[in-house]
2 protein chains.
Amino acid sequence: MDQVEIFKALSNKTRLQILNWLKSPAEYFPEQPNADFENVGVCVGQIQNKAGLSQSTISEYLSILQRADLVCATRVGQWTYYKRNHEGIEKLSKIINTEL
Amino acid sequence: MDQVEIFKALSNKTRLQILNWLKSPAEYFPEQPNADFENVGVCVGQIQNKAGLSQSTISEYLSILQRADLVCATRVGQWTYYKRNHEGIEKLSKIINTEL
DNA sequence: TTGGTATATCGGGAAAAGTCGATATACATT
DNA sequence: AATGTATATCGACTTTTCCCGATATACCAA
């Protein structure tokens with residue numbers, strides 16, 4: 001993953017918020033039936049409700065974050081759950097400390 | 001400084017390169033008369049030569065980096081020297097590790 | 001003061017990102 | 001099979017970013 005693409009992914013207020021919300025799903029989202037926040041993450045619809053942007057926009061934002069390895073997705077039935085990608089975030093931290 | 005603006009400043013290959021070149025000026029730039037790399041940094045013209053983009057573009061890029069507190073400028077005579085802003089970069093590192 | 005050099009700012013055209021509504025796809029239920 | 005729900009993708013429009021050349025500003029030297 002190109003460093004530029006990672007920083008572009010982070011260059012948007014809503015995407016930064018999403019990343020932050022996903023740090024403490026239970027704090028920011030109402031409970032989800034049949035899906036554990038810690039396990040799979042939060043589904044697109046919940047994130048969309050919270051962000052207040054259109055469904056298509058949020059879906060695209062999540063895939064931008066995913067391409068940057070900042071979140072990862074799990075499909076379960078008709079839902080896609082997103083959670084933080086700790087490896088990718090850790091890698092970014094290393095980039096900042098060594099390559100920047 | 002808004003986090004988004006910091007990440008925007010980093011969302012460009014040339015700007016990332018500049019930041020990297022400024023880590024080891026002696027390695028990337030020819031010697032400068034009357035100005036110590038460590039002290040004041042590297043002047044705009046040298047950065048422009050190395051980057052191969054227009055003077056106006058580089059001048060703007062440097063001010064974008066400056067607004068994000070990633071570099072700082074010192075004017076000496078007709079030259080403006082830019083160097084890394086260690087405080088700002090350190091602050092970014094903290095943001096990544098705590099707020100992201 | 002005139003001219004020369006270094007940098008900054010301005011105005012603009014092309015490319016990319018932000019964002020939407022509409023549509024497609026995938027899955028579940030009846 | 002038909003309908004309903006969740007998400008992804010598409011097409012379009014607006015705003016922002018990229019990058020340039022031209023011009024302005026600041027400083028220096030003769």
Side-chain angles (χ1 to χ4, degrees), chain A residues 2-19 22 29-35 37 40-68 70-83, chain B residues 2-19 22 29-35 37 40-68 70-83:
Chain A
D2 185 8
Q3 289 181 209
V4 172
E5 292 306 310
I6 298 174
F7 291 124
K8 278 187 186 170
L10 296 169
S11 295
N12 177 284
K13 192 169 155 234
T14 303
R15 289 194 297 263
L16 286 180
Q17 286 178 322
I18 291 172
L19 234 26
L22 293 181
F29 300 97
E31 271 191 66
Q32 297 181 131
N34 312 325
F37 283 142
V40 292
V42 182
C43 75
V44 179
Q46 295 223 53
I47 298 172
Q48 193 220 323
N49 281 342
K50 181 129 187 91
L53 293 178
S54 76
Q55 188 272 318
S56 54
T57 297
I58 296 304
S59 177
E60 198 194 338
Y61 280 10
L62 288 167
S63 79
I64 289 171
L65 289 171
Q66 186 178 23
R67 276 199 298 279
L70 296 167
V71 303
C72 50
T74 314
R75 180 119 205 186
V76 178
Q78 35 195 162
W79 292 273
T80 308
Y81 298 93
Y82 284 89
K83 64 177 176 182
Chain B
D2 184 9
Q3 289 181 210
V4 172
E5 292 306 311
I6 298 174
F7 291 124
K8 278 187 186 171
L10 296 170
S11 296
N12 176 283
K13 191 168 155 234
T14 303
R15 290 194 296 266
L16 287 180
Q17 285 178 322
I18 291 173
L19 233 28
L22 293 180
F29 300 97
E31 273 192 64
Q32 298 180 130
N34 313 322
F37 282 141
V40 291
V42 182
C43 74
V44 179
Q46 296 223 52
I47 297 171
Q48 193 220 323
N49 281 341
K50 182 129 186 89
L53 293 178
S54 76
Q55 188 273 319
S56 54
T57 297
I58 296 304
S59 178
E60 198 194 338
Y61 280 9
L62 288 167
S63 79
I64 290 171
L65 289 170
Q66 187 179 21
R67 275 199 298 278
L70 296 168
V71 303
C72 49
T74 313
R75 179 119 206 186
V76 178
Q78 34 194 163
W79 292 273
T80 308
Y81 298 93
Y82 283 90
K83 65 176 177 183

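Every chain is numbered from 1, with letters handed out A, B, ... down the list of sequences.
Two residues are said to be in side-chain contact when any heavy atoms from C-beta on lie closer than 4.5 Å; A:V44 and A:W79 fail this criterion. Taking 4.5 Å as the limit, some side-chain heavy atom of B:K13 sits within range of a side-chain heavy atom of B:Q17.
Across all non-hydrogen atoms, the minimal contact from A:G41 to A:K83 is CA-CB, 3.7 Å.
Of the residues A:L10, A:I64, A:I58, A:L70, the one that meets the side chain to side chain contact (heavy atoms under 4.5 Å, CB included) test with A:R15 is A:I64.
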Evaluate the side chain to side chain contact (heavy atoms under 4.5 Å, CB included) criterion for residues A:E60 and A:S56: first the C-alpha distance (whole Å), next the side-chain angles of each, then the deciding distance (0.1 Å), finally the verdict. CA-CA 6 Å; A:E60 198 194 338; A:S56 54; over 6 Å; no
For side chain to side chain contact (heavy atoms under 4.5 Å, CB included), just list the numbers for A:L65 and A:Y82, CA-CA rounded to whole Å, side-chain angles, deciding distance to a tenth of an Å, and then say yes or no. CA-CA 10 Å; A:L65 289 171; A:Y82 284 89; over 6 Å; no
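Between the CG atom in B:L22 and the CD1 atom in B:I47 there is a gap of 5.0 Å [rounded to 0.5 Å].
In this entry the distance linking OH of B:Y81 with C1' of C:dA6 reads 10 Å, nearest Å. One interatomic measurement links the two molecules: CD of A:Q48 to C1' of C:dC20, which rounds to 12 Å at whole-angstrom precision. Rounded to whole angstrom, the span from the CZ atom of B:R67 across to the P atom of C:dA8 amounts to 12 Å.
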If a protein heavy atom is under 4.0 Å from the base, mark B; if only from the sugar-phosphate, S; if neither, -; do that for nucleotides 9-20 of chain D going 5' to 3'. B-------SSBB
Table of protein N/O atoms under 3.5 Å from nucleotides 2-6 of chain D N/O atoms:
{"unit_1": "D:dT5", "atom_1": "O2", "unit_2": "A:Q78", "atom_2": "NE2", "d": "2.7"}
{"unit_1": "D:dA6", "atom_1": "O4'", "unit_2": "A:Q78", "atom_2": "O", "d": "3.4"}
{"unit_1": "D:dA6", "atom_1": "O3'", "unit_2": "A:Q78", "atom_2": "O", "d": "3.4"}

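Regarding contacts with the backbone of D:dA8, a side-chain N or O of A:Y82 is found under 4.0 angstrom from either OP1 or OP2.
For B:Q48, there are no side-chain hydrogen bond (donor to acceptor under 3.5 Å, both in side chains) partners two or more places apart in sequence or in a different chain.
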